Visitor: 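Have a look at the structure that comes next, please.
First the proteins, then the strands, lettered A, B, ... as listed; each starts at 1. Note that the structure is predicted; figures quoted are calculated from it, not measured.
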2 protein chains.
Amino acid sequence: MNLEPSTRESVAEMLRTRGITPTHQRIEIALVLLEKRWHPSADQILAAVNVRCAETSKATVYNTLKLFLDKGLVRELIVDPNKVFYDSNTSVHHHFYDVVSGEITDIAAAGVRVDGLPPLPAGMVPAGIDIIVRTRPGL
Amino acid sequence: MNLEPSTRESVAEMLRTRGITPTHQRIEIALVLLEKRWHPSADQILAAVNVRCAETSKATVYNTLKLFLDKGLVRELIVDPNKVFYDSNTSVHHHFYDVVSGEITDIAAAGVRVDGLPPLPAGMVPAGIDIIVRTRPGL
DNA sequence: TTGGAACCTGGACTTTGTCTAATTGGATTT
DNA sequence: AAATCCAATTAGACAAAGTCCAGGTTCCAA
Ligand SMILES: [Mn+2]
Ligand SMILES: [Mn+2]
Ligand SMILES: [Zn+2]
Ligand SMILES: [Zn+2]
């Protein structure tokens with residue numbers, strides 16, 4: 001997903017492009033995911049979608065996130081033992097993770113090079129490399 | 001933790017070295033963690049410790065894992081959305097993760113080089129780099 | 001022998017996420 | 001416009017992983 005000025009209509013169009021019927025709830029969730037560069041959990045998304053009044057259910061948030069994941073609109077970040085975070089930036093990149101505050105920051109993939117990895121286990125095909133640089137507030 | 005022929009006594013000694021009073025349960029759990037090169041979840045550890053008869057409780061397994069983690073005997077692997085895995089190999093290394101079977105394989109750190117990472121966010125200090133190479137059974 | 005500290009335990013509880021059966025709503029047909 | 005249909009949504013029950021606590025056990029030192 002790209003970070004551009006997102007009107008409800010442009011988001012609907014983008015969903016259609018990817019073969020997703022743009023319902024009210026799906027548009028709201030997509031808007032929340034795109035509204036800024038962040039890495040929200042399902043809970044945060046639910047809360048953000050329902051700031052004004054409850055219009056979307058927990059089940060729909062989970063259903064929609066799984067749908068978006070499936071259609072490649074969103075990426076899961078497994079970084080915290082307690083919850084999954086969602087990343088609307090689907091281009092290849094990596095993350096800083098502040099183990100104290102839980103804050104996540106993007107690392108652009110351009111320039112990052114990993115050398116010397118051994119060959120994959122027999123019969124395996126690559127499905128992505130995650131680099132997580134864990135950090136802590138300085139001494 | 002090191003992978004050596006582990007008698008109950010040698011494990012007890014090792015725990016003492018790290019300032020951990022070696023109780024029956026803690027020794028059993030350490031033995032399970034060391035018995036082979038694997039990356040068990042808390043559940044698997046509980047099961048393994050209790051193969052013969054139930055001698056250790058869930059609470060103790062979680063308490064002990066947290067204690068071991070604290071004392072640097074064990075490392076957490078955050079790789080699966082559903083459960084934490086524990087790694088008795090505390091030397092710096094990385095992992096293959098088969099997203100289908102869930103199998104985890106070590107990648108020796110020797111030879112792996114990461115270049116071009118941006119500077120850490122202001123005021124942050126490094127707390128470790130995790131590289132997870134996700135794989136899938138071939139086409 | 002007794003007192004205390006550390007340790008262990010069952011089970012209640014919390015959090016995150018899944019599932020299902022019932023309902024809604026919007027497009028399509030008539 | 002009314003009826004129809006089906007995908008999407010929903011409340012709430014459920015499941016899995018993990019935490020917490022109050023009471024019980026063990027062990028050691030005095
Ligand atoms: Mn958890
Ligand atoms: Mn979960
Ligand atoms: Zn990101
Ligand atoms: Zn490992």
Visitor: Which residues pass the ring-ring contact (aromatic ring centres under 6.0 Å, His included) test with His24(A), not counting sequence neighbours?
Guide: none

Visitor: In whole Å, what is the span from the NZ atom of Lys58(B) to the C1' atom of dT14(C)?
Guide: 11 Å

Visitor: Does Thr23(B) make a side-chain N or O approach to OP1 or OP2 of dC8(C) shorter than 4.0 Å?
Guide: yes

Visitor: Would you say Pro118(B) and Phe96(A) make side-chain contact, with heavy atoms under 4.5 Å?
Guide: yes

Visitor: Is the shortest side-chain heavy-atom distance between Val84(B) and Ile78(B) below 4.5 Å?
Guide: yes

Visitor: If you compare every side-chain N and O of Thr60(A) against the phosphate oxygens of dT9(D) (OP1, OP2), does one of them come in below 4.0 Å?
Guide: no

Visitor: I'd like to know whether CD of Glu55(A) has more than 12 heavy-atom contacts from other residues, nucleotides or ligands below 6.0 angstrom.
Guide: yes

Visitor: Using the six-membered ring wherever Trp is involved, compare the ring planes of His93(B) and His39(B) and label them parallel, tilted or perpendicular (cut-offs 30° and 60°).
Guide: tilted

Visitor: Between Val11(A) and Pro22(A), is any pair of side-chain heavy atoms under 4.5 Å apart?
Guide: no

Visitor: With respect to the phosphate group of dC8(C), does any side-chain polar atom (N or O) of Thr56(B) fall under 4.0 Å of OP1 or OP2?
Guide: no

Visitor: Considering only residues two or more places apart or on different chains, which pairs with a residue in residues 64-74 of chain A satisfy side chain to side chain donor-acceptor pair (under 3.5 Å)?
Guide: none

Visitor: Is there a donor-acceptor contact under 3.5 Å from the side chain of Asp87(B) to the main chain of Asn89(B)?
Guide: yes

Visitor: Starting from C1' on dC8(C), measure out to CD on Glu55(B) and report it in whole angstrom.
Guide: 13 Å

Visitor: What is the distance, rounded to the nearest whole Å, between atom CG of Asn82(B) and atom P of dG17(C)?
Guide: 9 Å

Visitor: Rounded to the nearest Å, what distance is computed from the NZ atom of residue Lys66(A) to the P atom of nucleotide dG17(C)?
Guide: 11 Å

Visitor: Do the side chains of Ile107(A) and Ile131(A) get nearer than 4.5 Å, heavy atoms only?
Guide: no

Visitor: I want to check something: taking the side chain as every heavy atom from C-beta on, are Glu76(B) and Leu69(B) in contact at a cut-off of under 4.5 Å?
Guide: yes

Visitor: Hey, can you pull the residues of residues 41-48 of chain B with a non-hydrogen atom under 4.0 angstrom from DNA chain C?
Guide: none

Visitor: Looking at side-chain heavy atoms only, is the closest gap between Asp106(B) and His95(B) below 4.5 Å?
Guide: yes

Visitor: Ile27(B) CD1 to dC7(C) P: how many Å, rounded?
Guide: 13 Å

Visitor: Gln25(B) has a side chain; which of dT9(C), dC7(C), dT19(D) sits nearest to it?
Guide: dT9(C)

Visitor: How large an angle, rounded to 10°, do the end axes of the helix from dT1(C)-dA30(D) to dT30(C)-dA1(D) enclose when each is built from five base pairs?
Guide: 10°

Visitor: For Lys83(B) and dG17(C), give me the distance from atom NZ to atom P, rounded to whole Å.
Guide: 15 Å

Visitor: Below 4.5 Å, heavy atoms only, C-beta onward: do Thr90(A) and Leu73(A) meet side chain to side chain?
Guide: no

Visitor: When the distance from CG of Leu69(A) to C1' of dG17(C) is rounded to whole Å, what number comes out?
Guide: 14 Å

Visitor: Protein-nucleotides 21-27 of chain D N/O pairs closer than 3.5 Å?
Guide:
none

Visitor: A side-chain contact here means heavy atoms from C-beta on lying under 4.5 Å apart; do Asp130(B) and Val79(A) qualify?
Guide: no

Visitor: Is the phosphate of dG17(C) approached by Tyr62(A) (side-chain N or O, under 4.0 Å from OP1 or OP2)?
Guide: yes

Visitor: Is it true that a side-chain atom of Arg136(A) and a backbone atom of Val99(A) form a donor plus acceptor pair closer than 3.5 Å?
Guide: no

Visitor: Considering only nitrogen or oxygen atoms on both sides, find all protein atoms under 3.5 Å from nucleotides 5-7 of chain D and state each distance.
Guide:
none

Visitor: Can you check the Glu28(A) CD to dT10(D) P distance for me, whole Å?
Guide: 11 Å

